[in-house]
K.L.:
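Below: one structure in structure tokens.
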Amino acid sequence: MSDKKKLRIGITQGDINGIGYEVIFKTFENPEMFEICTPIVYGSPKLASYHRKALEMDIAYNAIESVSETEENKLNIINCNSDDVMIELGNATKESGEAAYQALERAVKDYQEGCIDILVTSPINKNSIQNEEFNFPGHTEYLQERLGNGNKSLMILCSGNLRFAIATSHLPLRDVPSAITPELLEEKLTIFNKSLREDFDIDAPKIAVLSLNPHSGDNGLLGREEIEIIAPTIEKMSREGILCYGPFGADGFMGSGKYKAFDGILAMYHDQGLTPMKLLAMSDGINFTAGLEAVRTSPAHGVAYDIAGKGCADENSFRQAIYAGIDIYRNRKQYNDARRNPLRKLYFEKRDDSNRLNLQHEEKEE
């Protein structure tokens, strides 16, 4: 897209029986949002009209059939679904899952063709969206397959200076220990470090790595993953230039406030990262899929069937997902532009490991 044009944000409708349309409408009720982007909602004008009426909201939108009909300073809704789709607010249905899938597929296709700059996905029901084409545990894995071009993805939940990456993402807890391998941690730390530098504009990011077992395994008493896998991988990646520290017991690390000293935190499994993240920043946290050429964000909440159609959904997380997508897009472009024609390096950078021993000494004393 031309730098002179506002960024085009492709927004998927998500599960039509949830709060997707509500948070979209509430976000773009504010006319100032149109000053920073041109939104294109992938869904259905008819479904949007149903939600608008149910919510008793007076918001205008531009119904279109293709991106070529997009108008600036308007909420554009591109038709992806048939007119006979039924809405059952608050319920998970196969029909709502199929509508969400069709919108997502259309948005991804338009992204691949360069029609949109950024992808923001509204929440889906991970069970009802399943079909022959979508056989994934969530957006992250689906987008890695469709937009990865062979690259691996990394789920990052963030709000301000708080950034949690998840090593094993959407995986049953019983499968996590066997999935934690040196190769996996090296891959995730490499992606995380690159993203912190390029997407979040942090020159020398410091990453904390959480332990898998309570108390970091208590020297093998409560598990040997820290001794045999996690700690050696941290040392290896540190020697290769990534400023990573740990492993830290998750409870003491968060409870003591040590997380404030780091630019990013690598959690071993889903709830280990998302629980403290949502406790500290539920209303404005967002989900970012790092590692891909595409810029994709989403709100940190789910479909919220229990409040669908009631008009009480908080749109702030969705709004922050829009802001974050724009910031990441611009940070990445600035990073790449600055290094397009690099000068020959005449000196060596010296890494600052001065606090490594102090941090790890404190952890052992807990």
Side-chain angles (χ1 to χ4, degrees), residues 9-29 39-61 63-64 75-108 119-143 170 274 278 282-283 285-287 296-322:
I9 311 291
I11 301 167
T12 62
Q13 67 182 352
D15 191 294
I16 60 174
N17 294 334
I19 62 171
Y21 274 108
E22 181 177 344
V23 296
I24 292 170
F25 288 161
K26 286 182 175 180
T27 295
F28 289 99
E29 271 188 321
I40 304 169
V41 177
Y42 288 80
S44 162
K46 181 178 180 179
L47 297 177
S49 178
Y50 179 98
H51 280 270
R52 182 173 61 179
K53 183 177 180 180
L55 296 165
E56 298 181 346
M57 297 183 69
D58 183 22
I59 183 170
Y61 56 80
I64 60 177
L75 179 62
N76 301 277
I77 300 183
I78 189 168
N79 191 23
C80 303
N81 304 134
S82 65
D83 288 340
D84 58 353
V85 175
M86 295 295 295
I87 294 178
E88 297 181 39
L89 289 176
N91 295 313
T93 66
K94 194 63 180 176
E95 196 169 16
S96 68
E98 182 61 24
Y101 170 72
Q102 290 170 355
L104 180 60
E105 268 288 291
R106 179 75 175 272
V108 166
L119 182 63
V120 177
T121 58
S122 298
I124 58 172
N125 181 305
K126 296 178 178 62
N127 183 51
S128 62
I129 198 174
Q130 298 294 319
N131 57 36
E132 291 183 2
E133 289 77 27
F134 192 105
N135 186 22
F136 303 92
H139 275 119
T140 303
E141 296 80 6
Y142 164 83
L143 292 170
H170 297 111
L274 269 68
K278 292 190 175 184
M282 179 66 179
S283 65
I286 68 105
N287 182 2
R296 175 261 173 169
T297 63
S298 73
H301 58 72
V303 295
Y305 287 140
D306 58 322
I307 59 171
K310 298 180 179 179
C312 58
D314 184 348
E315 77 279 10
N316 191 45
S317 180
F318 184 85
R319 182 184 296 111
Q320 295 302 322
I322 298 281

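Note that these values count all heavy atoms, side chains included, but never hydrogens, waters or copies made by symmetry. Count residues from 1 along the sequence.
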K.L.:
Can you establish whether the number of heavy atoms outside N135 located under 6.0 Å from its atom CG is more than 12?
P.N.:
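Counting neighbours around CG of N135, 12 or fewer heavy atoms of other residues, nucleotides or ligands fall under 6.0 Å, so no.
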K.L.:
Please walk me through it: do L143 and L119 pass side chain to side chain contact (heavy atoms under 4.5 Å, CB included)?
P.N.:
CA-CA 10 Å; L143 292 170; L119 182 63; 4.0 Å; yes
K.L.:
Between atom CD of Q102 and atom OG of S82, what is the distance when rounded to the nearest 0.5 Å?
P.N.:
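One gets 6.5 Å once the value is rounded to the nearest 0.5 Å.
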K.L.:
Between G14 and I124, what is the shortest heavy-atom contact and its length?
P.N.:
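Residues G14 and I124, closest heavy atoms: CA-CG2, 4.2 Å.
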K.L.:
Which of parallel (below 30°), tilted (30 to 60°) and perpendicular (above 60°) describes Y61 and F25?
P.N.:
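Parallel, since the angle between the ring planes stays under 30°.
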K.L.:
What's the spacing between Y21 OH and S44 OG if we round to 0.5 Å?
P.N.:
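Those atoms lie 5.5 Å apart.
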K.L.:
Do you know which two heavy atoms are closest between R106 and N79, and how far apart they sit?
P.N.:
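Looks like NH1-O, 3.3 Å.
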K.L.:
Assess whether side chain to side chain contact (heavy atoms under 4.5 Å, CB included) is satisfied between L104 and H139, documenting all intermediate values.
P.N.:
CA-CA 9 Å; L104 180 60; H139 275 119; 3.8 Å; yes
K.L.:
Can you see which heavy atom on I24 is nearest to which on I11, and at what distance?
P.N.:
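Nearest heavy atoms, I24 then I11: CD1-CG2, 3.8 Å.
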K.L.:
Taking the side chain as every heavy atom from C-beta outward, state whether H170 and E141 have any atom pair closer than 4.5 Å.
P.N.:
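The answer is yes; the side chains approach within 4.5 Å.
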K.L.:
Keeping the roles fixed (side chain from T12, backbone from S122), state whether a donor-acceptor pair exists under 3.5 Å.
P.N.:
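Flag set: sc T12 to bb S122 pair under 3.5 Å.
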K.L.:
Measure across V85 and E95 and return the closest heavy-atom pair with its distance rounded to 0.1 Å.
P.N.:
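The pair with the smallest heavy-atom distance is CA-OE2, 3.4 Å.
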K.L.:
Distance-only, no hydrogens or angles: does the Q130 side chain make a donor-acceptor pair with backbone N or O of F136 under 3.5 Å?
P.N.:
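Yes.
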K.L.:
Are I322 and F28 side-chain neighbours, meaning at least one heavy-atom pair lies under 4.5 Å?
P.N.:
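They are in contact (side-chain heavy atoms under 4.5 Å apart), so the answer is yes.
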K.L.:
Can you give me the closest heavy-atom contact between I129 and G97, atom names plus distance?
P.N.:
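Here I129 and G97 meet closest at CG1-O, 3.5 Å.
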K.L.:
Nearest heavy-atom pair of A321 and P299: which atoms, and what distance?
P.N.:
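The answer is CB-N, 3.9 Å.
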K.L.:
Got a salt bridge between E22 and K26, using NZ or NE/NH1/NH2 to carboxylate O under 4.0 Å?
P.N.:
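Answer for the salt bridge query: yes.
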K.L.:
Rounded to the nearest 0.5 Å, how far apart are CG of D83 and CG of L47?
P.N.:
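So the gap between those two atoms works out to 8.5 Å.
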K.L.:
Does CD in E56 sit with more than 12 non-hydrogen atoms of other residues, nucleotides or ligands closer than 6.0 Å?
P.N.:
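Open.
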K.L.:
More than 12 heavy atoms of other residues, nucleotides or ligands under 6.0 Å from CG of D84: is that the case?
P.N.:
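Yes, because the 6.0 Å sphere around CG of D84 holds more than 12 heavy atoms from other groups.
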K.L.:
Between atom CG of N17 and atom NE2 of H51, what is the distance when rounded to the nearest 0.5 Å?
P.N.:
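If I round to the nearest 0.5 Å, the distance is 7.0 Å.
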K.L.:
Test side chain to side chain contact (heavy atoms under 4.5 Å, CB included) on I16 and Y50 and set out the steps.
P.N.:
CA-CA 10 Å; I16 60 174; Y50 179 98; over 6 Å; no
K.L.:
When rounded to the nearest 0.5 angstrom, what is the spacing between CZ in F134 and NZ in K126?
P.N.:
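Here the interatomic distance stands at 8.5 Å.
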K.L.:
Is it true that the side chains of E88 and Y305 contain a donor and an acceptor less than 3.5 Å apart?
P.N.:
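Note: E88 and Y305 side chains miss the donor-acceptor criterion.
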K.L.:
Report the distance from atom CD1 of I77 to atom NZ of K46, rounding to the nearest 0.5 Å.
P.N.:
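It comes to 14.5 Å.
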K.L.:
If you draw a 6.0 Å radius around CE in M57, do more than 12 non-hydrogen atoms from other residues or ligands fall strictly inside?
P.N.:
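Atom CE in M57 is packed in, count exceeds 12.
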K.L.:
Indicate yes or no for a side-chain donor-acceptor contact from K278 to the backbone of G285 under 3.5 Å, with no hydrogens or angles considered.
P.N.:
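No, the answer is negative, given that no donor and acceptor are paired below the 3.5 Å cut-off.
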K.L.:
Does any donor atom in the side chain of N91 or T93 lie under 3.5 Å from an acceptor atom in the other side chain?
P.N.:
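No, no side-chain donor-acceptor contact under 3.5 Å.
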